[in-house]
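What's counted below: heavy atoms across the whole structure, side chains too, no hydrogens, waters or symmetry copies. Here, residue 1 is the first one in the sequence, and each next residue gets the next number.
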Amino acid sequence: MKKFTKIAVLFMGLTLFSCSTEEQYTNENNENSNFERPSGNNPITKNWEFNDLNEWQDASQNSSANYYLENGNLKMFTNPNTWERTKVKTTSTFGAGTYTWRVYVPEMGVGDMSSIGAFLYKDDTHELDFEIGYGSESTRQSLNAQADDLIAYMSSQANPSQFVQTTIKRNQWYTLTIELSLTSNNRYFAKWKIDGTTVASKQLNYGTKVKFNVFCSMENLTFIGDHIPLSQNYALFDSVQYLSY
C-alpha cells in the first residue's frame, strides 16, 4: 500500500510540474480568460471579431480614445494637425504562433505622417510591426510608387533590427500576418505576410521568454510622410486572430 501511495504522489508531482511550465500566453491581470487552453498537442486559438472590446485595453498616447465599434469593425482615427497615437492592445500576452489582422486601408492624406499599425510589442527592443502610410516622397520614388499606392513597412525594432518596405494599393482590405516559429535553439524566426505572400523574414535573437501584446493602431508618426497630417486618417480592423504552434 505504501508503494502505491508513493507512486501516486510522484505522478501528482509530475502533473503539477508540467502545468507550471511556460505557456504560450499569459494574462496581465491574472484573470480568468476564455482562451482555448492546450490539451495534448491541440493549439491555442483566439479570435477577436470586434463585436465588443473584451480582452482589449486602451494604449493611446497623446490622444483620446479615438476609436469605436461600427458594423463589426473597430474603427480607429487620428485628427489633423496633431501627433495623436491611437492604440489598443490585448490584455494578455502571447508567444510562438501565427498572428493575423484583417485591415481596411483607405485613401490616406497625401504626404501625411500617419500610419496604420498591426504589431506585436513587448518593449522598445522587442517589437515586430506592420505599418502602412503614404510614405515620404523620397521613399515613394525609391519604390516607384504609383498614385494609388501606399507604403507598407515590415520591421523588427531591434535584436536584430530590420526595416523592409513595399507598395500596396489604397482603398482595399488586406490580411496581414506575422508568423513566429521556433528554431532549434528555441529562438523566434519571424515572417511577415500580406495576403498570404511572404514579404519579409528575420531570425530573431530572442525566444519564448519574450511574450507580446497584440496591437491595433492609427498613429501620426514622423517617419512615414512629409508633413504633419492635414487630414483625419482612419483604419478599419475587421478581426484579429492568434493561433499557437
Side-chain angles (χ1 to χ4, degrees), residues 25 33-36 43-60 63-79 84-94 97-109 112 114-121 127-134 148-155 166-180 190-200 212-221 224 231-244:
Y25 65 89
S33 68
N34 62 354
F35 287 99
E36 296 181 19
I44 303 161
T45 61
K46 186 62 187 175
N47 288 289
W48 294 277
E49 299 290 344
F50 292 124
N51 297 311
D52 55 51
L53 285 173
N54 294 340
E55 300 177 353
W56 293 82
Q57 66 186 51
D58 184 65
S60 302
S63 174
S64 301
N66 294 335
Y67 52 83
Y68 54 91
L69 300 176
E70 180 180 71
N71 300 322
N73 297 316
L74 171 63
K75 184 171 184 177
M76 313 188 79
F77 65 93
T78 53
N79 288 304
E84 291 180 336
R85 303 178 66 183
T86 306
K87 295 185 281 188
V88 295
K89 68 175 183 177
T90 56
T91 56
S92 298
T93 57
F94 306 85
T98 300
Y99 300 81
T100 304
W101 297 258
R102 184 69 176 161
V103 184
Y104 182 73
V105 177
E107 188 84 7
M108 302 195 73
D112 281 358
S114 195
S115 169
I116 299 167
F119 63 100
L120 309 177
Y121 182 85
E127 179 179 356
L128 305 171
D129 307 272
F130 279 102
E131 298 196 73
I132 300 170
Y134 188 81
D148 60 345
D149 283 336
L150 297 176
I151 310 301
Y153 301 76
M154 287 68 63
S155 61
T166 190
T167 58
I168 63 171
K169 297 301 180 184
R170 61 179 83 197
N171 297 318
Q172 293 189 27
W173 284 96
Y174 289 95
T175 300
L176 308 178
T177 303
I178 296 177
E179 292 183 358
L180 281 183
K191 287 184 181 180
W192 289 258
K193 295 183 176 182
I194 299 177
D195 290 344
T197 299
T198 300
V199 289
F212 299 94
N213 293 97
V214 184
F215 279 74
C216 303
S217 70
M218 188 76 226
E219 302 181 73
N220 292 346
L221 300 172
I224 204 164
S231 308
Q232 185 185 85
N233 291 294
Y234 77 95
L236 299 178
F237 292 83
D238 176 63
S239 62
V240 178
Q241 181 188 73
Y242 169 72
L243 175 64
S244 73

Next item on the list: Please confirm whether the backbone N or O of V240 pairs with a side-chain atom of T100, one donor and one acceptor, at under 3.5 Å?
Entry: no

Next item on the list: Grab the two heavy atoms, one from W101 and one from C216, that are nearest each other, plus how far apart they are.
Entry: CD1-SG, 3.9 Å

Next item on the list: Could you tell me whether the side chain of T86 and the main chain of F77 form a donor-acceptor pair under 3.5 Å?
Entry: yes

Item checked: Sequence-distant partners of Y104, ring pair (Phe, Tyr, Trp, His ring centres under 6.0 Å), two or more places apart -> W173

Check: Taking only residues two or more places apart in sequence, or in another chain, which ones meet L53 in a side chain to side chain contact (heavy atoms under 4.5 Å, CB included)?
Finding: F50, W56, Y67, L69, L74

Notebook entry, point to check: Roughly how far, to the nearest 0.5 Å, is OG1 of T45 from CG of L243?
Noted result: 6.5 Å

Item checked: Minimum heavy-atom distance W48-E55, with the two atoms named -> NE1-OE1, 3.4 Å

Next item on the list: Mind checking side-chain hydrogen bond (donor to acceptor under 3.5 Å, both in side chains) for T177 and listing every partner two or more places apart, or none if nothing turns up?
Entry: none

Margin query: List the residues meeting side chain to side chain contact (heavy atoms under 4.5 Å, CB included) with S231, not counting sequence neighbours, and say none if there are none.
Written below: D112, N233

Notebook entry, point to check: Looking only at heavy atoms, what is the nearest atom pair of N51 and G72, with distance?
Noted result: OD1-CA, 4.3 Å

Check: Quick one: side-chain hydrogen bond (donor to acceptor under 3.5 Å, both in side chains) partners of R85, sequence neighbours excluded?
Finding: Q61, E219

Checklist line | Test salt bridge (charged side-chain N to carboxylate O under 4.0 Å, His left out) applied to D149 - qualifying residues, sequence neighbours left out | finding: K169

Check: Looking at OH of Y234 and CE of M108, how far apart are the two atoms once the value is rounded to the nearest 0.5 Å?
Finding: 10.0 Å

Notebook entry, point to check: What residues, two or more places apart in sequence or in another chain, satisfy side-chain hydrogen bond (donor to acceptor under 3.5 Å, both in side chains) together with T166?
Noted result: none

Item checked: Close side-chain approach of Q241 and N47, heavy atoms under 4.5 Å -> yes

Item checked: Non-neighbouring partners of Y153 that pass ring pair (Phe, Tyr, Trp, His ring centres under 6.0 Å), sequence neighbours left out -> F163, F223

Next item on the list: Check whether any side-chain heavy atom of L128 sits under 4.5 Å from a side-chain heavy atom of L180, and report yes or no.
Entry: yes

Next item on the list: First locate atom OG of S115, then atom CG of L221, and finally report the distance between them rounded to the nearest 0.5 Å.
Entry: 5.5 Å

Next item on the list: Could you pull out the closest heavy-atom pair between S60 and A65, with the gap in Å?
Entry: OG-CA, 4.4 Å

Notebook entry, point to check: Is a donor on one side and an acceptor on the other found under 3.5 Å between the side chain of T90 and the backbone of V214?
Noted result: yes

Next item on the list: List in chain and number order the residues that pass salt bridge (charged side-chain N to carboxylate O under 4.0 Å, His left out) with E49, two or more places apart in sequence or in another chain; answer none if no residue qualifies.
Entry: none

Note to self: As an exercise, state the distance from NZ of K46 to OG of S244, rounded to the nearest 0.5 Å.
What the structure shows: 13.5 Å

Checklist line | Considering all heavy atoms, the nearest P106-R170 contact | finding: O-CB, 3.4 Å

Next item on the list: Could you tell me whether a side-chain N or O of N66 sits under 3.5 Å from a main-chain N or O of M76, the two making a donor and an acceptor?
Entry: no

Notebook entry, point to check: Do S114 and N220 get their side chains close enough for a donor-acceptor pair, meaning under 3.5 Å?
Noted result: yes

Anything under 3.5 Å between a donor and an acceptor, one on a side chain of residues 190-198, the other on a protein residue two or more places apart or in another chain? List them.
unit_1	atom_1	unit_2	atom_2	d
W192	NE1	D129	O	3.1
K193	NZ	E179	OE2	2.9
D195	OD1	T175	N	2.8

Next item on the list: Measure the CE-CD distance between M218 and E84 for me, rounded to the nearest 0.5 Å.
Entry: 10.5 Å

Item checked: Partners passing side-chain hydrogen bond (donor to acceptor under 3.5 Å, both in side chains) against Y174 (at least two apart in sequence or in another chain) -> none

Checklist line | Which atom of G133 lies closest to which atom of L150, heavy atoms considered | finding: O-CB, 3.4 Å

Note to self: F119: which residues meet the ring pair (Phe, Tyr, Trp, His ring centres under 6.0 Å) condition with it, sequence neighbours left out?
What the structure shows: F215

